Amino acid sequence: MAVHNADIASMFNRTADLLELQGANPFRIRAYRRAARTIADLPQSAARLVKSGADLSELPGIGDDLAGKIAGIVKTGRCPILGQLEKEFPAGLTELLNVGGLGPKRVMALHQSLGIDNIDDLRRAIRAGKIRTLKGFSEKIEQKILHALETRGTQEKRFKWIVADETARPLAAWLSAIEGVKKVVVAGSYRRMKDTVGDLDILVTCAKGSPVIDRFVKHEEVAEIVSRGATRATVLLRSGLQVDLRAVPDISYGAALYYFTGSKAHNVAVRALAVKRGLKINEYGVFKGDKRLAGRTEEEVFRQVGLPYIEPELRENRGEIEAARAGTLPRLVTVEDMRGDLHAHTKASDGRNSLSEMAAAARALGYEYLAITDHSRHLTIANGLDEKRLRKQCEDIDRLNDKLKGITLLKSCEVDILESGKLDLPDSILKELDLAVCSVHYKFDLPAARQTERIIRAMDNPYFNILAHPTGRLIGEREPYALEMERIVRAAKERGCLMEINAQPDRLDLNDIHCRMAKDAGVKLAISTDAHATGHLRYMTLGVAQARRGWLEAKDVVNTLALKALRQALKRK
DNA sequence: GCCGTTTTCGGCCCGACTGTTTTCAGTCG
């Protein structure tokens, strides 16, 4: 039985939950959570690292003890300390921690005084009016718990970045128009460009916060005010999206923006650095004793702790602080670096626009080239092209290229990778193309080893250039198919194949961690929009954002190259 | 439980809001 990184992370997180209930040392609890995150973020399989004899205690936040526990989990599939804790507490108790307003202390009070062991027990106790009788509780708290249970449940809901963006932009504009508001920025994971956003963290600067807060909580989209004070408020919008608004004076803008952008793990690590220098960082500034040293800009804050500016996309405590100290931060790729798009559809398969419309839209974005990649025949539902139709399209492209000015259409195809690992079109036509973009569109449920071998076999075809949406995930809808990504990346490197960052807002595939893994292995990437309409070409910003989160520089991304150099880079080994 | 350009022991980020409390604990981000 293979132990996945997610399994180990989940065991450590559950251990942390139970330790919280037990009232254990908070720093010990934090150590388990930190280790869980480190393992979850790890691009390689921890199980394979253990088996190869690697020293996991080299990883951040993992010492000898946890390295030993990881090795044990890999060998036995079990975590003894977790097993021990699970015997001490009823199985449903940790779920109560996910109810808003309930933390470890209150959960334990409910458990010990009323024998509440799970959500159902909790509901019954509320209905019976028992909770209000407990010391430290009240009727008000009882109703709050009930309300949280009914409106938010126990599952954290995350929104695709682009969905959050649809709310964030107009809300920020609305806030800007309030009298006295100077600056408005949407910070948090939205600013870090995470693929999904749990809530919106909006920062405003103004001389006096409370009038702004008062206006904010009366916004027509606000369904519920969760909390409201003089400098911050938390509301739930009708859409279910939570918005935290924080108001600070303009002089604290940089410090507050930095604090509110996070990530939490990044902030905690940088604040610890500050402590070592005898400084304190909070949302109002950087302080030495009572003396304020910085806070107007983020750059000032970084400077005080001896660091260069770190881009928001990197602030995940995944090594960026160490890189900043060492002066080895990457120069992240930007949208302006992009010279073309290598994955786009037309009406010939399932796109909405013609060749010439797509070409015009790409030229309007300042691109030098656009690869036309309609589907291949196997994808009948998308009206995929067979050899004959593709040949005809190639002729159309040649004719169009003769007429086009300022942009070149590349002859390509999104070729299905068949279950056997064969490509869906014969070499006789593939060799006519400028490049082949290849992808999996069916049989998602193969075991990891077979799915991996299927793709590697496809890469063995000398005309294979780019592996498109490599994991097949649809954010919030479909899990990635089981895959041994390390083997895929290695195979791509050996064969001179590239991997795609698909910029569709519901794909963003590869994700940030796999981007970094590919980069570290020396595999080049293509950031492609998979546009099915002219407007989709603009999704490039989302793909670039994932690339940036994956530490990619322009030199790692093949479609930052001019056309001639691109053709060279596409040549197989 | 981790970690070390103060430390192998003794620290571990920091503040806002809520509710029940007359000074703070619990929760959250």
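Residue numbers begin at 1 in each chain, while the letters A, B, ... track the order of the sequences. Here the structure is a predicted model, which is why all the values come from computation and not from measurement.
- Side-chain proximity of A/Ala31 to the nucleotides B/dC17, B/dC2, B/dC13 is greatest for B/dC2.
- Taking only side-chain atoms of A/Lys264, from C-beta outward, the nucleotide of B/dG29, B/dG1, B/dG15 with the closest atom is B/dG29.
- No donor-acceptor pair under 3.5 Å is formed between the side chain of A/Lys280 and the backbone N or O of A/Lys288.
- Separating the OH atom in A/Tyr258 from the OH atom in A/Tyr309 is a distance of 10.5 Å, to the nearest 0.5 Å.
- If you measure from atom CG of A/Leu273 to atom C1' of B/dC12, you get 13 Å, rounded to the nearest angstrom.
- For A/Lys105, the listed nucleotide lying nearest its side chain is B/dG26; candidates were B/dA16, B/dG26, B/dC13.
- Counting any heavy atom pair closer than 4.0 Å across all strands shown, A/Lys144 reaches sugar-phosphate atoms only and no base atom.
- As judged by a 4.0 angstrom heavy-atom cut-off over every strand, A/Tyr259 is placed among the base-contacting residues.
- A/Arg34 comes within 4.0 angstrom of no nucleic acid atom, judged by non-hydrogen atoms across all strands.
- Distance, A/Asn267 CG to B/dG15 P: 13 Å, rounded to whole Å.
- Minimum atom distance to the side chain of A/Asp244 is reached by B/dG29, of the listed B/dG29, B/dG1, B/dA16.
- Base pairing annotation: B/dG10 forms a Watson-Crick or G-U wobble pair with B/dC3, both donor-acceptor distances under 3.5 Å.
- Among B/dG29, B/dC13, B/dG15, the nucleotide with an atom closest to any side-chain atom of A/Tyr284 is B/dG15.
- Between the base of B/dG1 and the side chain of A/Asn25 there is a donor-acceptor pair shorter than 3.5 Å.
- No contact: A/Val270 has no heavy atom under 4.0 Å from any strand.
- Counting any heavy atom pair closer than 4.0 Å across all strands shown, A/Ala230 reaches sugar-phosphate atoms only and no base atom.
- In this structure a side-chain-to-backbone donor-acceptor pair under 3.5 Å is missing from A/Arg516 to A/Arg549.
- Comparing B/dG19, B/dG1, B/dC13 against the side chain of A/Ile141 picks out B/dG19 as the nearest.
- A/Glu142 comes within contact range of no nucleotide atom at all, as no heavy-atom separation falls under 4.0 Å.
- Ranking B/dG26, B/dC13, B/dG1 by closeness to the A/Lys69 side chain, first place goes to B/dG1.
- Residue A/Phe27 has its side chain nearest to B/dG1 when only B/dT27, B/dG19, B/dG1 are considered.
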